[in-house]
2 protein chains.
Amino acid sequence: MTLIRQFIGEVLRARRAAAGLTLRDVSSRAQVSLGYISEVERGQKEASSELLSSLATALDVPLSELLGDVSDMLKVHEADLMVNLEHEKVSLPAA
Amino acid sequence: MTLIRQFIGEVLRARRAAAGLTLRDVSSRAQVSLGYISEVERGQKEASSELLSSLATALDVPLSELLGDVSDMLKVHEADLMVNLEHEKVSLPAA
């Protein structure tokens with residue numbers, strides 16, 4: 001199962017790269033430990049609402065855009081799952 | 001500061017109401033305690049990625065849609081904040 005925190009991590013990392021910021025930059029701007037941000041980016045830790053808010057400010061991105069990115073990634077993922085499900089149905093022997 | 005967990009709570013409650021489900025229904029479908037879901041709906045507890053996934057399944061709504069709702073609500077909220085900020089600027093005495 002792919003979890004939302006993994007998509008949130010990917011979005012945060014992509015937005016940080018797009019802004020040309022290092023983990024150290026974001027850590028210093030958001031006043032959050034570098035290790036914690038790194039774990040969140042790798043989808044290993046849940047980001048609290050407060051942390052997401054601080055990271056959005058540090059990245060200069062509205063929270064609505066971060067969540068919009070996550071929603072878009074989930075939509076693509078859900079569509080892929082549906083396609084795989086259809087393929088599985090097709091390859092099952094007829095009852 | 002309004003936090004994402006409050007918007008997530010509002011979205012979950014609205015989606016549950018739209019589906020005509022009680023807290024008890026969702027609790028039983030998602031195999032999560034009624035008290036925990038109630039706290040999440042009131043924005044008092046963070047929902048883990050696993051819980052959000054279970055609740056989306058229980059509500060029969062794709063996760064991407066739940067997050068899309070939250071992103072939309074945040075966008076309206078951010079726009080309101082900008083308007084308030086502009087009003088404050090206008091009402092400040094000229095320097």
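Reminder, nothing fancy here: chain letters follow the sequence lines and each chain counts from 1. Because the structure is a prediction, the values reported are computed rather than measured.
Interatomic distance, CD of B:E50 versus CD1 of A:I4, reported as 9.5 Å (0.5 Å rounding). Taken from CG in B:D69 to CG in A:L67, the straight-line distance is 11.0 Å, to the nearest 0.5 Å.
B:F7 and B:L81 fall into different hydrophobic clusters, where Ile, Leu, Val, Met, Phe, Trp and Tyr are joined by side-chain heavy atoms under 4.5 Å apart, directly or via other members. Placement of A:L74 and A:V76 in two distinct hydrophobic clusters is found when ILVMFWY residues are connected by side-chain heavy-atom separations under 4.5 Å, directly or transitively. Note: the hydrophobic cluster containing B:L23 also contains B:L66 (ILVMFWY, side chain heavy atoms under 4.5 Å, direct or indirect links).
Partners of A:E78 under the salt bridge (Lys or Arg N to Asp or Glu O under 4.0 Å) rule, at least two apart in sequence or in another chain, do not exist in this structure.
Side-chain N or O atoms of B:S64 include none that pairs as donor or acceptor with a backbone N or O of A:S71 at under 3.5 Å.
With chain A as partner, the option from B:M73, B:E46, B:E65 having the largest number of non-hydrogen pairs under 4.5 angstrom is B:E46.
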